Structure formats: structure tokens, C-alpha cells
Peer 1: 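My questions will all concern the structure given below.
Side-chain atoms are counted along with the backbone in the values below, which use heavy atoms only and exclude waters and symmetry mates. As the structure lists them, so they are numbered: ligands from 1, and atoms in each ligand from 1. None of the values given here were measured: they were computed from a predicted structure.
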Amino acid sequence: MKNLAILASGSGSNSEKIMEYFQHSKKAQIALVASNKADAFVLERARKFKVPSFTFTRKELDAGLLLQKLQEEKIDWVILAGFLLKIPEDLIRAFPDRMVNIHPALLPKYGGKGMYGSLVHKAVKSSGDTETGITIHMVNEQYDEGKIIFQAAATVTESDTPETIAEKVHALEHRYFAEVIDSLILE
Ligand code: GAR
């Protein structure tokens, strides 16, 4: 059984889908939900699935507290599902090819520092692009530049708003993220 930890900063709708998907898996379990926000709704969702949670400050993250916790809990894979802080390099190095992120656009477009959540969808809308989508990728030391594992696209029409683009992107994320994680994990 592999132990997965989810790192999330916000609502956690992706985290919920992942916890749902793996709750009866014989291959992997969600052993921890960790957040830098003590009031993030993702923590509520973790309680619902009886998954232990852990919160930390940015300072504690940089001081290695999360890495220590992940090691204590014998975590094999780290899943970033809407985690908005920069991951310290020693944490990335501790999970080589075992740290996965989801980005709400078709990387390399709309990636990089400061591009997250609704800011990405606003940028897509104002660009006039006719498609957007999701990218699931490995995390390395360069922001949003790790090896791409999976992408799926959605059409953007003139009548779309950043909000409707977000809905389309979330639908793709909820449809694919857990399955892609499952396909990466070896028994
Ligand atoms: C997701 O759309 C995810 O792709 C995005 O945050 C959202 C979290 O939603 N991540 C990033 O923008 C990372 N750069 P959720 O809390 O409902 O799962």
C-alpha cells in the first residue's frame, strides 16, 4: 500500500475527488491532507473522509516541518491540488518523480509564478484563446516546468467568462486527476 499526501490551500474540490477515488483502493491511500491555511475548506473535506490533516505556516514550511511530517508518516507520493506556496527545494528533492501538480491551463501557456486559479482563467479570457485545459505534471525546481504527464483541453467560446472557463477546467480536473495519479503509482 502506497501512502499519498495531498497539499492544498483552498476549497479542495480536487482533493475530495482524490479521497473519494482512493477510499477503497488496495494500491494507495490518502494518508495525509496538509494545508498552509488553517481555515481552508479542504480540511473539512479531509474530516469527512477521516483522513488526518496537518497545517503549517509558510515559515514552518521553509524550516522543513512539512518534510519532517511527510517522512514521519512514510509518505511515498505528494499530490499538489491547488497548493499555492512555493515548495522548498529540499522537499522537492525528497520526492524525485513522486511529486505531482495539477495546473488549470495547457502548460507551457499561462504557467509560472503568480499564475493560479482565477488569475489563469482571466488571462485565458483576455487573450482570446479558443481553448484551455488542464496539465498534470511532475514537480521540479522550476515553477510549472516539470515533465508533463497528461493534458486535456476544453473549448473557450466568445460567451465564456472567467467563471465559466473555471467550471469547464474544474470538470476536466475532477474527471481525470485521480485516474492519472492511479496510473503513475506502481504497486
Ligand atoms: C485547481 O483548479 C488547480 O488546478 C489550481 O487551483 C485549483 C484548486 O481547486 N491550481 C493552481 O492554480 C496551481 N498553480 P480546488 O481547491 O477546488 O481543488
Peer 1: Measure the spacing between CG of Leu70 and CZ of Phe54 and express it to the nearest 0.5 Å.
Peer 2: 8.0 Å
Peer 1: Does the N or O separation between Asn101 and ligand 1 drop below 3.5 Å for any pair?
Peer 2: no
Peer 1: Any carboxylate oxygen within less than 4.0 angstrom of a Lys/Arg side-chain nitrogen, looking at Arg93 and Glu89?
Peer 2: yes
Peer 1: Can we say Glu173 and Lys17 salt-bridge, meaning some charged N sits less than 4.0 Å from an Asp/Glu carboxylate O?
Peer 2: no
Peer 1: Note the single closest protein heavy atom to atom 11 (C) of ligand 1, along with its residue, its atom name and the distance in Å.
Peer 2: Pro104 CD, 3.5 Å
Peer 1: Could you measure the distance from the NZ atom of Lys109 to the OG1 atom of Thr135? Nearest 0.5 Å is fine.
Peer 2: 11.5 Å
Peer 1: Please compare Gly12, Gly82, Gly112, Gly10 and report which has the shortest non-hydrogen distance to atom 16 (O) of ligand 1.
Peer 2: Gly12
Peer 1: Given Val139, which partner from the list Val100, Ile92, Asp97 fulfils the side chain to side chain contact (heavy atoms under 4.5 Å, CB included) test?
Peer 2: Ile92
Peer 1: Contact between ligand 1 and Glu16 is defined here as a heavy atom of the residue under 4.0 Å from a ligand atom; is it met?
Peer 2: no
Peer 1: Measure the distance from atom 13 (C) of ligand 1 to every protein heavy atom, then report the residue, atom name and distance (to 0.1 Å) of the closest one.
Peer 2: Ile102 O, 3.9 Å
Peer 1: Give the atom numbers and elements of ligand 1 that come within less than 4.0 Å of a heavy atom of His103.
Peer 2: 4 (O), 14 (N)
Peer 1: Are any of the N/O atoms on Ala81, whether in the backbone or the side chain, positioned under 3.5 angstrom from an N/O atom of ligand 1?
Peer 2: no
Peer 1: Is it the side chain, the backbone, both or neither of Glu173 that has a heavy atom closer than 4.0 Å to ligand 1?
Peer 2: side chain
Peer 1: Salt bridge or not for Lys168 and Asp160, using N-O below 4.0 Å?
Peer 2: yes
Peer 1: Does NZ belonging to Lys37 count more than 12 external heavy atoms closer than 6.0 Å?
Peer 2: no
Peer 1: Any carboxylate oxygen within less than 4.0 angstrom of a Lys/Arg side-chain nitrogen, looking at Lys27 and Asp182?
Peer 2: yes
Peer 1: Considering only the protein, which heavy-atom contact is closest to atom 9 (O) of ligand 1, and what is its distance?
Peer 2: His170 NE2, 3.3 Å
Peer 1: Using modelled atom types only, decide if a donor and an acceptor are shared between the side chain of Glu179 and the backbone of Tyr176 within a distance under 3.5 Å.
Peer 2: no
Peer 1: Check ligand 1 against Met115 and write out every atom of the ligand that is under 4.0 Å from a heavy-atom position of the residue.
Peer 2: 14 (N)
Peer 1: Can you report which non-hydrogen protein atom sits closest to atom 17 (O) of ligand 1, along with the distance?
Peer 2: Ser13 OG, 2.5 Å
Peer 1: Can Ala8 be said to touch ligand 1, with heavy atoms closer than 4.0 Å?
Peer 2: no
Peer 1: In terms of residue, atom name and distance, what is the protein heavy atom nearest to atom 12 (O) of ligand 1?
Peer 2: Gly117 N, 2.9 Å
